[in-house]
Amino acid sequence: MEEGWLLNADYVTRNNRAIVRLWIVSGENRLVLLDKNFEPYFYVIPERDSAEMEVERFVEKVEWTRRRDHGREVEVLKVYARHPQEVPRIREEISKLPSVREVREADIPFAIRYLIDKGLIPCGVIEWSGEELPSGEIEVSEILPVEKGTSDPPFKVMAFDIEVYNPHLSTKPERDPIIVISCCTNTGESKLFLAERKGGNSDDRGAIKEFISFVKSFDPDVIIGYNSDNYDWPYLRSRCEIVGIPLEIGRDGSPPKFRGGARRRIKIVGRANVDLYRVAERDLGEVKIKTLENIGAHLGIDFEKAEIPKDKIWEYWDSEREELLQYALGDSLLTMEIGLRLLPLQYEFSRMIRRPLDEVYAMGRGKQVESYLINEAYSRGELVPQKPRELERESYEGALVLKPKKGLHENVICLDFASMYPNIMIAYNISPDTLCKDCSEEEAYVAPYVNHKFRKEPPGFFKEILQRLIETRKKIKAEMKRYPKNSEQYRVLDVKQSTIKILTNSFYGYMGWSGARWYVKECAEATTAWGRYTLLTVVEMARKKGIEVLYGDTDSIFVLNSDKVQEFLEEVNRELPLELEVKGLYKTIFFTEKRKRYAGLLEDGSIDVKGFEVKRGDWSELAKEVQEEILRVILVERDPNKALEYVRKVIRELKDGKIPLEKLAIYKTITKELKEYKSIQAHVMAAMRAADLGRQIDPGTKIGFVVVRGSREKVRERAIPVEEAKKEEIDVQYYIEKQVLATAHRILKHFGYSKEDLLDRGQVSLMDFLGR
DNA sequence: TGGACCCAAGGCCAT
DNA sequence: TGATGGCCTTGGGTCCAG
């Protein structure tokens, strides 16, 4: 048997038959495995026995088999199609038959079906025996997954980035050529491909050709970019069409395939395309403005990169080319560095949910959970439910949030339930297949408030899966202790446990997602009901013990610390089927009267802020900086008066024009097409102005704007993109009142200061008045 | 006509 | 293309006193 890493899977059609094709990395070799012995199939749940005869009219082969549907055994027809492309049509026809109740699993892609049935793990190792064909491909006779301690696959990775000549505000492939393509590899190579000057214009033919031949010669397994799905790839494709060069970079010589519109995914045959921006969008929410540079800084990458304003790229190309080339190279080098840090988690997700890397990176969390469940269902002989027809969103009651006791508190301990929702699902056997309407109260757990019932036995689909995930994670965490924290083994195990944690914590949300195959509202509703009940129970238990509860949210309570707390913890853990543990100890903590907003000084001297504007991406840097400093002075220096003086100083600086423009920019996301907005607020207006000037504004675009002076009253009338603003035009009064004062007063009002106090009206009231 | 009040839209964060 | 709860700003409307 030979061995190799599974990079990707697809199929080819030869002699009208679909042949599964696997792309393998084996040492220095890149192999193609073909399996001719796998047929597309799906299931039919019959209404009557005549279904068999009626279904047979549409296909060559039908056989009876036993499966389970939500735990119950069912006799179903396994229906084989001649070719995967026939499946959608046959499925349509068959599901119309009166003798057919339901069609199942007809929408699982052929190559994915193969991976599931064979138990093969993408980004993992497989072994096979077979025969080499004259074409060099290998026809396999036997193929198996190999259980191995995981490590990162030995893939060759290439990062790339394009720069476009852009004397206009936007870039248009019909008009603007590519001027630089920069590439680098995880083997240390880097290349720049430059356009040539021809009669005053730049000609990118040569650059594109050289790029294509570099891709062919380096032959990467993984190609990464930053926003490449929405910019670099579409642009390259357009340029190739315009200049008449085929973008033949697939391992079979084919061009990339673009699938879908705004949420497009790009497939390159035999390789894996990964856009790190989409990974960052899903996994790095803490980075508010996701530029390449910000992501790099967040990941701790020490990288000096030349700064060139986007709209000046063409000028540098014309007159300061060397700097532009450094900049362009920096982009692909930084993309590579980011890739080296983000890819391991994507590899592990690929293994966990058994999907090729180039699908995993852009899948939403719900789809990732679903892929995992589909594999679990197969191994249990369970039929996969159909996708819900229409997304009928029925909302349900969620978590409980207590009103905080406002003010400063000393020596506060935060207790929380470990993975509350997954553990509730385990404790009360919540699962689509255990939900029962007519169980007796003895044989079922009955959810409080909502009265949904779940059979106590046998363990449900979700319970079994969650139990095993949590158990596996515990083992990994124990194993991690055997290695030093900076070791490779530790890092690999950490990625593994972290993947399990993310997946485990996504189950509840998946259950309540109306687009999920395993969507059952009652399950989600019962989970939160037990959550509310549990939180109320511990609050009551604490009070009975004379422990003061200051705040609580979903699965946590903040209490005044005392020697009673340890005993209380033990009592809770004795009486409830969940584990309450210490999450943190605050020397000082500050609550306002509002929920989900607090700031505390932890034992190690760090400050933990939740909810306040400091943590939000849609406030100016100035406002956030001021609020952060106020919280620090209050919690650490315990000197509200000093905070007051600080605010007054900042306001003076603002009036004196000493605050740089960048600190005044407010960033918000455009979430839909501009014309669809019912309410035109500042960020929408700023985006419209940007669009008028030629900037591309799509849903998902972050727009940075500032508020300038003017006769118009409404903020939106005075909101302009930050790139177009001058510092002299800033509406200082807006920033004082709506940004600095608003955020500062939210904290300082609890220490007896009014907005007037913060403004220092007494001393500068006349100036202030004239200033308006 | 301006201010008090209310509500919905919009966005982002806590859990 | 997991979930609900919650906070805050803005814009748009009504009502009412002056």
Side-chain angles (χ1 to χ4, degrees), chain A residues 260-263 265 278 281-282 285-286 288 359 362-373 387-388 391 393-404 414 416-417 419-422 502-519 521 523-525 527-529 531-532 535 551-557 583 592-598 608-619 623 666-672 676-685 687 699-700 702-703 707 713-719 734 737-739 742-743 745-746:
Chain A
R263 320 184 64 86
R265 227 172 302 159
R278 304 190 53 173
E281 253 189 334
R282 187 191 50 219
E286 60 269 41
K288 308 298 174 193
E359 295 190 23
M363 283 167 93
R365 208 58 90 195
K367 284 289 179 195
Q368 292 182 335
V369 170
E370 189 152 281
S371 180
Y372 184 80
L373 290 175
K387 285 180 191 161
L391 298 185
R393 288 201 43 185
E394 300 171 90
S395 78
Y396 56 90
E397 196 174 338
L400 181 66
V401 190
L402 306 180
K403 192 159 184 178
C414 175
D416 79 341
F417 287 102
S419 301
M420 186 195 232
Y421 286 166
I502 294 168
L503 210 56
T504 306
N505 289 338
S506 305
F507 266 71
Y508 153 71
Y510 174 79
M511 239 172 22
W513 171 39
S514 56
R517 290 174 190 261
W518 276 274
Y519 165 65
K521 195 183 117 178
C523 292
E525 203 171 28
T527 305
T528 57
R532 295 193 299 277
L535 186 63
Y551 178 58
D553 184 348
T554 312
D555 61 351
S556 68
I557 56 169
K583 190 177 176 194
T592 69
E593 71 277 36
K594 301 294 185 190
R595 299 168 168 94
K596 295 188 185 281
R597 301 200 143 197
Y598 60 86
D608 181 28
V609 182
K610 301 286 182 203
F612 284 122
E613 285 78 0
V614 184
K615 298 277 280 186
R616 298 179 63 95
D618 56 349
W619 284 79
I666 297 161
Y667 290 85
K668 282 192 167 151
T669 309
I670 296 299
T671 58
K672 49 191 170 193
E676 284 169 20
Y677 277 92
K678 289 183 201 162
S679 165
I680 311 291
Q681 299 194 356
H683 66 293
V684 181
M685 195 63 115
K702 273 253 194 229
I703 181 94
V707 178
E713 190 203 344
K714 291 198 184 348
V715 179
R716 67 165 174 221
E717 305 288 353
R718 295 181 284 112
Y734 172 84
E737 282 176 19
K738 303 293 186 181
Q739 292 281 320
T743 49
H745 188 242
R746 196 124 43 226

* Asked: NZ of A:K521 to CE of A:M511: how many Å apart, nearest 0.5 Å?
  -> 13.0 Å
On the nucleotide [N], are OP1 or OP2 found under 4.0 Å from the side-chain N or O atoms that [X] carries?
| X | N | result |
| --- | --- | --- |
| A:S679 | C:dT10 | no |
| A:Y551 | B:dA14 | no |
| A:Y396 | C:dG2 | no |
| A:R716 | C:dG12 | yes |
| A:R597 | C:dC8 | yes |

Describe the nucleic acid contact of [X] in one word from base, sugar-phosphate, nothing, applying a heavy-atom distance below 4.0 Å.
| X | answer |
| --- | --- |
| A:T528 | nothing |
| A:A399 | sugar-phosphate |
| A:A682 | nothing |
| A:K702 | sugar-phosphate |
| A:K403 | nothing |
| A:G509 | base |
| A:K668 | sugar-phosphate |
| A:Y677 | sugar-phosphate |
| A:Y598 | sugar-phosphate |
| A:W619 | sugar-phosphate |
| A:S395 | sugar-phosphate |
| A:V715 | sugar-phosphate |

* To do: Would you indicate whether A:E286, at its atom CD, is surrounded by more than 12 heavy atoms from other residues, nucleotides or ligands within a distance under 6.0 Å?
  => yes
* Any sub-3.5 Å donor-acceptor pair from A:R532's side-chain atoms to A:G398's backbone N or O? -> yes
* Asked: Is the side chain of A:T669 donor-acceptor paired with the backbone N or O of A:T671 at a distance under 3.5 Å, no angle test?
  -> no
* Structure fact -> Walking DNA chain C from its 5' end, the first of A:N505 and A:E397 to be reached, judged by nearest nucleotide, is A:N505
* Asked: Mapping A:M511 and A:V401 to their closest nucleotides on DNA chain C, which lands nearer the 5' end?
  -> A:M511
Output the single nucleotide from [options] whose closest atom is nearest the side chain of [X].
| X | options | answer |
| --- | --- | --- |
| A:T554 | B:dT15, C:dT9, C:dT1 | B:dT15 |
| A:K678 | B:dC12, B:dT15, B:dG10 | B:dG10 |
| A:K596 | B:dA14, C:dA3, C:dT10 | B:dA14 |

* Residues two or more places apart in sequence or in another chain: which of them pass side chain to side chain donor-acceptor pair (under 3.5 Å) with A:D618? -> A:R616
* To do: Return the residues of residues 610-618 of chain A meeting this criterion: a heavy atom under 4.0 Å from some atom of DNA chain B. Order them by number, or give none.
  => A:K610, A:G611, A:K615, A:R616, A:G617, A:D618
* Asked: When the distance from CD1 of A:I502 to P of B:dT15 is rounded to whole Å, what number comes out?
  -> 18 Å
* Would you mind reading off the bend of the helix from B:dT1-C:dA17 to B:dT15-C:dA3 from its two end axes, five pairs each, to 10 degrees? => 10°
